[in-house]
Every structure is written in C-alpha cells, then in structure tokens.
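Here's the structure, in structure tokens; my notes come after.
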Amino acid sequence: KLYNDLLSDIEDITLPVARTEYADNIYWIYGIVLGENYAVNASELITLLREKGVGARNFFYPVHLQPVYTKDGYFKDEKCPHAEKLYQKGLYIPTGTGMTEQQVYIVAQRLKETLKLCRE
C-alpha cells in the first residue's frame, strides 16, 4: 500500500489495484505498467534503475513466445497483443516483508527520478 501512496502521482503508469469487490491485494509482487508516453520499454527502465541501485524485473515472458513451445509448433501464427504489450511495458519493483519503509521510499524516489528522464 505504501507504494500506491508514493507512486500515485506519476503520470501515465498503471499501478496494481488495492482491492476489488471480493478481495484485497496482498502485494506479493508489485507490478507497474508504463504508458505510451515513455521513451523506454520495461527492459530499458530496469537497466536504468539497476544503475541507481534498484533491482527490478520484467513481467513474465508470454507463453506463446517461449522457445520451448514455439520449437514444437505450438502457438504457430498466434498473436497475443495484450500479453506482448504487458511484457514490453510491465516490470516488478522490489517488495516483500523484509523491506523497510525507508527502502520503499528510496525505491519510489529513484523510480520517479528515472521516469522523469524517460518521458517523451
């Protein structure tokens, strides 16, 4: 929840929903999706964050593009544009019960600083 509070003022990113009508988010991972106004994709942003001492990783690689399936002819000629876009623009930032509030503040601040440099 702290990330939601700290990152809610960033333009053109999608944050995880805090709750639905049937469940509260437990934030076992914290994913964000970059909007179209950023000049970088998730992999490029991850590299920039790493240079600032913040680890992050891409969203899961779409199944229909994984070599283990494509080499055997699965998903031949299939397109999954939503999965592909999420992979290109989505990333997970550090979270977990072992993180202190100070560490969350640092990650949020470095993410904000980096995203400001990446706007088109």
Side-chain angles (χ1 to χ4, degrees):
K1 173 158 173 12
L2 183 54
Y3 272 139
N4 282 4
D5 295 339
L6 296 172
L7 302 177
S8 63
D9 62 337
I10 300 175
E11 292 182 32
D12 202 29
I13 66 168
T14 302
L15 302 175
V17 296
R19 67 183 47 86
T20 66
E21 64 183 57
Y22 57 86
D24 290 336
N25 193 333
I26 60 168
Y27 301 104
W28 69 279
I29 55 174
Y30 196 92
I32 64 171
V33 180
L34 301 174
E36 298 303 320
N37 293 321
Y38 288 98
V40 296
N41 62 32
S43 294
E44 293 164 332
L45 179 58
I46 289 167
T47 298
L48 295 171
L49 288 171
R50 188 176 300 125
E51 291 170 2
K52 293 181 178 277
V54 175
R57 66 174 294 262
N58 291 85
F59 276 11
F60 295 101
Y61 195 62
V63 172
H64 73 288
L65 298 177
Q66 293 182 17
V68 70
Y69 297 110
T70 58
K71 72 177 175 120
D72 290 333
Y74 294 104
F75 306 110
K76 186 175 180 168
D77 298 323
E78 286 195 41
K79 301 289 182 204
C80 299
H82 295 290
E84 293 168 21
K85 181 178 177 180
L86 286 172
Y87 180 72
Q88 289 296 315
K89 292 291 194 169
L91 64 144
Y92 299 111
I93 59 176
T95 189
T97 57
M99 284 185 73
T100 66
E101 282 191 11
Q102 181 65 24
Q103 289 171 319
V104 172
Y105 280 102
I106 291 168
V107 170
Q109 185 59 39
R110 290 180 182 169
L111 176 63
K112 285 181 171 188
E113 292 168 359
T114 305
L115 286 174
K116 279 184 184 179
L117 300 173
C118 298
R119 299 265 308 165
E120 290 192 305

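Note that this is a predicted model, so its numbers are computed, not measured.
Side-chain heavy-atom separations under 4.5 angstrom define the hydrophobic clusters, and the remaining members of the one that includes Y92 are I26, W28, I29, V33, F59, F60, L86.
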For residues 47-56, which side-chain donor-acceptor pairs fall under 3.5 Å, sequence neighbours excluded?
unit_1	atom_1	unit_2	atom_2	d
T47	OG1	S43	O	3.2

Determine all donor-acceptor pairs shorter than 3.5 Å in which one atom belongs to a side chain in residues 11-22; sequence neighbours excluded.
unit_1	atom_1	unit_2	atom_2	d
D12	OD2	E36	N	3.2
D12	OD2	N37	N	2.7
D12	OD2	N37	ND2	3.2
R19	NE	D24	OD1	3.4
T20	OG1	Y22	N	3.3
T20	OG1	A23	N	3.2

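The two residues A83 and P62 have their closest heavy-atom pair at O-CG, 3.7 Å. Taking all atoms of both residues into account, the shortest heavy-atom contact from D9 to K112 is OD1-NZ, 3.0 Å.
To the nearest 0.5 angstrom, Q109 atom CD is 9.5 Å from T114 atom OG1. Rounded to the nearest 0.5 angstrom, I93 CD1 and I46 CD1 are separated by 11.0 Å. A distance of 13.0 Å separates NZ of K85 from CG of N41, quoted to the nearest 0.5 Å. Interatomic distance, CG of L65 versus NZ of K79, reported as 8.0 Å (0.5 Å rounding). Within the model, atoms CG of L115 and CG of L34 stand 6.5 Å from one another, a figure rounded to the nearest 0.5 Å. Atoms OH and CZ, on Y105 and R110 in that order, are 15.5 Å from each other to the nearest 0.5 Å.
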Where do Y3 and L111 land on the side-chain contact (heavy atoms from CB on, under 4.5 Å) test, with the steps shown first? CA-CA 11 Å; Y3 272 139; L111 176 63; over 6 Å; no
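L91 and V104 fall within a single hydrophobic cluster, where Ile, Leu, Val, Met, Phe, Trp and Tyr are joined by side-chain heavy atoms under 4.5 Å apart, directly or via other members. Clustering ILVMFWY residues whenever any of their side-chain heavy atoms sit less than 4.5 angstrom apart, transitively, puts Y38 in a cluster other than the one holding L117.
Taking Q88 as the reference, nothing meets the side chain to side chain donor-acceptor pair (under 3.5 Å) condition, with sequence neighbours excluded. Y27 is linked by a side chain to side chain donor-acceptor pair (under 3.5 Å) to N4, counting only residues two or more places apart in sequence or in another chain.
In this structure, V107 and Y30 have side chains that are not in contact, with every pair of non-hydrogen atoms separated by 4.5 Å or more. By the 4.5 Å heavy-atom criterion applied to side chains, P94 and M99 are counted as neighbours.
The side chain to side chain donor-acceptor pair (under 3.5 Å) contacts involving residues 59-72 comprise H64-E84, where partners must be two or more places apart or lie in separate chains.
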